[in-house]
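Accompanying notes for the structure given below.
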Amino acid sequence: MRNIEIVWALKDIANYLEFKGDNYYKIQAYRKAARVLAGSPRAIREMYKDGTLKDVPGVGKNILSKIGEMLENGECSLLQRLRSEIPPGIIEIMQVPGLGTKKARLFYENLNIKNLDELEQAARKKQIRVLPGMGAKREQEILRYIKMQRKNTGIFLLSLARELAVEFMNFLEAYPCVSDVFAAGSVRRWNPLVKDLNLLVSTEFPDDLILDIEKHPLVDEVLYRDKHRLKLKTIWMIMLDIIIIPPASFYPALVKATGNEGHWEALCELAVRQGVFLDPEGLYDERGRLIPITSEKEIYRKIGIDYIPPEMRENRGEISLASSGDLPVLLDKKHIKGDLHMHSNWSDGKNSLEELVAKAQEKGYSYVAVTDHSQSLKIARGMPVEKLQKQIEYIEYLNNKFKELTILSGIEVDILSDGSLDYPDDVLSRLDIVVASVHTAFKQDREKMTARIISAIKNPHVDIIGHLTGRILGYRDAYQVDVDKVIEAAAEYNTALEINASPDRMDLSEDNAYRAVKHGVMLSIGTDAHDLRRLGEIDYGISVARRAWLGPEHFLNTMDASELLNYLGRDYD
DNA sequence: GCCGTTTTCGGCCCGACTGTTTTCAGTCG
């Protein structure tokens with residue numbers, strides 16, 4: 001079993017126990033273990049084997065033995081029992097925003113509602129509003145959410161698809177007969193949400209390989225099979241399409257499978273104008289002879305244009321730019337000098353400042369901004385002023401100790417519902433960098449929310465607005481906010497907007513990021529990481545920038561520490 | 001169920017907001 005499956009199982013146990021009305025702290029213990037393990041950079045299986053799993057905070061004797069059971073038998077008897085006692089659809093009902101255990105039980109006991117379908121029917125028949133504590137408004141909210149869920153059926157977060165891709169790529173690359181494997185399609189273009197995963201495998205010997213792939217433990221069902229293609233349903237519910245390509249036609253096939261349809265068609269037309277012919281099997285000269293191709297770059301060059309990075313292959317004008325040699329230089333990992341949004345165990349993060357710094361150094365950063373939560377966000381252990389002051393002093397101490405990397409004293413300060421900030425100005429002025437974000441009162445109307453955020457933008461101590469729209473992909477829509485007005489204000493007051501790199505946020509969206517830059521707004525990328533593993537999610541933030549055609553000049557993170565502090569109006573010593 | 005300037009069981013947990021009420025339970029970040 002992989003980390004993610006163990007984490008899912010622990011969360012499931014917590015959900016079922018919650019529905020049963022079990023002890024609150026027991027439930028929290030399962031949730032905490034799941035959260036900690038989700039952030040683990042190491043394989044749980046390995047830690048179990050070498051005996052270090054018991055040292056993970058939140059993993060005690062009991063949970064350790066449950067995990068052991070899962071690793072050894074592939075399942076956990078407690079979870080199996082819970083699943084047999086409680087209809088699994090109940091858990092989905094508990095996930096509906098505004099509903100929880102109590103409401104799910106209310107529906108189950110009064111109307112025998114066991115899943116979202118039954119809940120939807122009851123809501124349509126106006127049977128929900130008459131239950132105690134419920135009303136017409138709640139009923140509408142339920143229907144709205146179920147509609148959104150239906151729209152998102154079969155759509156997955158890019159991060160999950162990429163994790164699946166890594167599993168199968170590692171598996172396939174271990175075969176000596178396989179010369180290349182690529183994840184293509186929307187996954188390679190870094191679409192934030194994807195429908196399926198296409199893997200292209202280059203090999204001359206597909207037969208045994210196909211039989212072996214079918215036996216992979218993540219495969220749930222074979223939907224289609226022929227000599228060159230395998231369509232699979234995985235146990236993660238993501239559809240996996242494996243296409244076997246002979247090495248000679250691998251790169252044309254990869255180009256075809258990576259770009260969207262419009263991009264491919266435009267390339268084919270362009271090829272004809274250049275006197276060559278492009279199809280998925282190869283590139284041919286005017287006399288129909290196959291031109292040997294050894295890379296994607298070569299294909300683009302042979303049809304007379306510059307190489308187009310996968311993130312741009314959406315047929316949004318990239319081909320004409322590539323024809324005239326005007327493709328922008330895109331932001332790249334190598335440009336990123338630091339991460340500007342992360343949480344430590346001073347608030348709700350899992351790791352100490354020292355651990356974060358060590359990881360950041362490993363990633364080659366020259367600085368990081370530590371931006372823990374501010375005082376009013378109690379659940380996230382938001383820091384009272386005195387604690388913040390201590391953190392500032394401790395960071396100063398660390399900066400003196402570790403000269404190789406600069407730690408910026410930062411904060412993710414709450415924008416309170418009236419637009420004021422969660423610390424007074426004299427406190428904010430002590431910090432190197434201030435990220436201001438909305439974490440409460442999401443349901444304010446558009447006007448109020450917009451004014452609220454703009455008033456934060458106007459505060460001279462605020463450097464960056466964090467996760468501007470609050471969206472959680474596939475779960476929560478953006479709150480009502482006039483993004484254009486916010487962008488205007490950000491430009492006027494020289495406040496940067498964040499691309500929050502968390503794969504379930506990707507907020508700013510690529511469209512908003514593009515618009516902001518066009519209005520002269522600077523951007524930052526922050527992972528919002530709460531543990532070491534998630535520091536790696538900077539890649540998702542970079543992908544938003546690249547899909548928005550943005551280069552290093554638009555980002556705070558590409559400045560070095562002194563340049564950045566100067567830009568932010570802070571002294572550097 | 002986990003944890004402990006630990007050894008045995010008590011503490012862990014937070015307050016604003018919402019939609020429902022007409023004083024509050026349930027949900028959420």
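Letters A, B, ... mirror the listed sequences (proteins, then strands); counts begin at 1. Hydrogens, waters and symmetry mates play no part in the numbers below; they use all other heavy atoms, side chains included.
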Can you confirm whether W346(A) sits close enough to M383(A) that some side-chain heavy atom of one is under 4.5 Å from a side-chain heavy atom of the other? yes

Begin with the C-alpha distance, continue with both residues' side-chain angles, and end with the deciding distance and a verdict on side-chain contact (heavy atoms from CB on, under 4.5 Å) for N512(A) and L497(A). CA-CA 10 Å; N512(A) 286 339; L497(A) 298 179; over 6 Å; no

Do any side-chain nitrogens or oxygens of K137(A) fall under 4.0 Å of OP1 or OP2 in dG19(B)? yes

E75(A)-Q80(A) side chain donor-acceptor pair, cut-off 3.5 Å: yes

As a test of reading the structure: which of dG1(B), dC14(B), dC17(B) is closest to the side chain of Y24(A), going by heavy atoms? dC14(B)

Counting only side-chain heavy atoms from C-beta out, which of dG1(B), dG19(B), dG26(B) sits nearest to K103(A)? dG26(B)

Tested for salt bridge (charged side-chain N to carboxylate O under 4.0 Å, His left out) against D12(A), the lone hit among K66(A), R83(A), R81(A) is R83(A)

Aromatic rings W190(A) and Y540(A): how do their planes relate, parallel, tilted or perpendicular, breaks at 30° and 60°? perpendicular

Name the pairing partner of dC14(B), where a pair is Watson-Crick or G-U wobble with both distances under 3.5 Å, or state none. dG29(B)

Which of parallel (below 30°), tilted (30 to 60°) and perpendicular (above 60°) describes H530(A) and H373(A)? tilted

For a quick check of understanding: with a heavy-atom distance under 4.0 Å over all strands, which category does P97(A) fall into, base, sugar-phosphate or nothing? sugar-phosphate

Compare the minimum distances between each of dG19(B), dG1(B), dC14(B) and the side chain of K378(A), then state the nucleotide with the smallest one. dC14(B)

May I ask you to test the I525(A)-L340(A) pair for a side-chain heavy-atom distance under 4.5 Å? no

Show me the protein contacts with nucleotides 2-5 of chain B, counting only N or O atoms at under 3.5 Å.
residue : atom : partner : partner atom : Å
dC2(B)  : OP1  : G60(A)  : N            : 2.7
dC2(B)  : OP1  : G60(A)  : O            : 3.4
dC2(B)  : OP1  : I63(A)  : N            : 3.0
dC2(B)  : OP2  : N62(A)  : N            : 3.3
dC3(B)  : OP1  : G58(A)  : N            : 2.7

On DNA chain B, check which nucleotide each of E139(A) and T101(A) is closest to and give me the residue with the more 5' one. E139(A)

D414(A) side chain to H439(A) side chain, donor-acceptor N/O pair below 3.5 angstrom: yes

What nucleic acid atoms does I27(A) come within less than 4.0 Å of, heavy atoms only: base, sugar-phosphate, or nothing? nothing

Using a heavy-atom cut-off of 4.0 Å across all strands, would you classify R129(A) as base, sugar-phosphate, or nothing? nothing

Starting at CE of M449(A) and ending at C1' of dC17(B), how long is that distance when rounded to a whole Å? 13 Å

Nearest to the side chain of S417(A), which nucleotide is it out of dC17(B), dG1(B), dG26(B)? dC17(B)

Protein-nucleotides 23-25 of chain B N/O pairs under 3.5 Å:
none

Mind checking A14(A) for me? I need base, sugar-phosphate or nothing, with any heavy atom below 4.0 Å counting as a touch. nothing

When all nucleic acid strands are considered with a 4.0 Å heavy-atom cut-off, which category describes V96(A): base, sugar-phosphate, or nothing? sugar-phosphate

Less than 4.5 Å apart, side chain to side chain, heavy atoms only: is that true for L82(A) and K20(A)? yes

